[in-house]
Amino acid sequence: EKTYQVNLKAPFNLSKEFAKIMKKQRTGNIINISSTYGLVAPDQRIYGDSGQNAASFYSATKSAVINLTRYLASYWANTGIRINTLSPGGVKKNQTKSFIKNYSKKTMLGRMAQQDEYIGAIIFLASNSSSYMTGSNIIIDGGWTAW
């Protein structure tokens, strides 16, 4: 229930509230956060006994965020509001060496992301450089979902 509240209901409710202001301004930009697990199922083999495996409802809520974004982009198409999603891959932070090694094998770049490697994408989505984007999903996952 908490995962549903945080991953799906919060972006929906926040988007509705932000849209009230953005409609009056005739401009606005919303960025949702999904996950590679919103696109593909977790490879359970990489988790072993780490206790870090993604539950089914995590993937379900993250995939729902991507389509919620598409829906809202369509719904607000003529209001000046743009809405997009970022789907990041795993970030290296206090995982076991075994998990990091197994996860890294799944990416084309052979490693997990560093904490600051999504900043550029967020800046891009927040800026006018992405002014022709709405309903899109940017995937930054070291190549995880590309093969």
Say whether, by atom type as modelled, one donor and one acceptor occur between the side chain of Ser104 and the main chain of Lys101 under 3.5 angstrom.
no

Check: Lys106 main-chain N/O paired with Trp147 side-chain donor or acceptor under 3.5 Å:
yes

same_hphob_cluster(Tyr71, Ile66) at 4.5 Å side-chain heavy-atom cutoff
no

Would a hydrophobic clustering, with Ile, Leu, Val, Met, Phe, Trp and Tyr connected at side-chain separations under 4.5 Å, put Ile139 with Val40?
yes

Taking atom CZ of Phe18 as the centre, does the number of heavy atoms from other residues, nucleotides or ligands within less than 6.0 Å exceed 12?
no

Quick one: does Lys93's side chain get under 4.5 Å of Gln115's, heavy atoms only?
yes

List the atom of Leu86, the atom of Ala121, and the distance in Å for their closest heavy-atom pair.
CD1-CB, 4.0 Å

Before you tell me yes or no, could you show the steps for Ser15 and Ile81 under side chain to side chain contact (heavy atoms under 4.5 Å, CB included), namely the whole-Å CA-CA distance, both residues' side-chain angles and the distance that decides it to 0.1 Å?
CA-CA 10 Å; Ser15 293; Ile81 299 171; over 6 Å; no

Is the side chain of Asn32 donor-acceptor paired with the backbone N or O of Thr85 at a distance under 3.5 Å, no angle test?
no

Ile138 vs Ile31, test: side chain to side chain contact (heavy atoms under 4.5 Å, CB included). Steps then yes/no.
CA-CA 10 Å; Ile138 294 181; Ile31 304 166; over 6 Å; no

Under the side chain to side chain contact (heavy atoms under 4.5 Å, CB included) criterion, do Leu14 and Glu17 qualify, and how do the steps go?
CA-CA 5 Å; Leu14 289 167; Glu17 291 304 311; 5.7 Å; no

Transitive ILVMFWY side-chain link Ile100 to Ile46, under 4.5 Å
yes

Classify the ring geometry between Tyr47 and Phe99 as parallel (under 30°), tilted (30 to 60°) or perpendicular (over 60°).
tilted

Listing, residues 3-12 side-chain donor-acceptor contacts under 3.5 Å, not counting sequence neighbours, or none:
| from | atom 1 | to | atom 2 | distance (Å) |
| --- | --- | --- | --- | --- |
| Gln5 | NE2 | Glu1 | OE2 | 2.7 |
| Asn7 | ND2 | Thr61 | OG1 | 3.1 |

Closest non-hydrogen atom pair, Ser34 against Pro88
O-CD, 3.5 Å

Quick check for you: to the nearest 0.5 Å, what is the distance between Arg45 atom CZ and Lys105 atom NZ?
10.5 Å

For Asp116, look at atom CG and say whether over 12 heavy atoms of other residues, nucleotides or ligands are found less than 6.0 Å away.
yes

Measure the shortest side-chain to side-chain distance between Thr69 and Asn137 over non-hydrogen atoms and say whether it is less than 4.5 angstrom.
no

Of Ser35, Ser59, Ser56, the one forming a side chain to side chain contact (heavy atoms under 4.5 Å, CB included) with Pro42 is Ser59

Thr36/Asp141 under side chain to side chain donor-acceptor pair (under 3.5 Å): CA gap, chis, key distance, verdict
CA-CA 7 Å; Thr36 53; Asp141 63 1; 5.4 Å; no

Taking all non-hydrogen atoms of both residues, which atom of Tyr118 and which atom of Ala113 are closest, and how far apart?
OH-CB, 3.3 Å

Is it the case that one hydrophobic cluster holds both Tyr58 and Met112, taking links as side-chain heavy atoms less than 4.5 Å apart, direct or via other members?
yes

Check whether any side-chain N or O of Thr134 sits under 3.5 Å from a backbone N or O of Ile83 as a donor-acceptor pair, and report yes or no.
yes

To the closest 0.5 Å, what do you measure between OG (Ser87) and CG (Leu39)?
4.5 Å

Check whether any side-chain heavy atom of Ile33 sits under 4.5 Å from a side-chain heavy atom of Ile122, and report yes or no.
yes

When rounded to the nearest 0.5 Å, the distance separating CG of Leu72 from OG1 of Thr79 is 10.0 Å

Show the numbers, then the answer: is there a side chain to side chain contact (heavy atoms under 4.5 Å, CB included) between Met133 and Phe124?
CA-CA 11 Å; Met133 289 180 69; Phe124 169 71; 3.4 Å; yes

Are Val91 and Ile123 in one and the same hydrophobic cluster, where Ile, Leu, Val, Met, Phe, Trp and Tyr link if side-chain heavy atoms are under 4.5 Å apart?
no

Spacing of Ser130 atom OG and Leu125 atom CG [to the nearest 0.5 Å]
5.5 Å

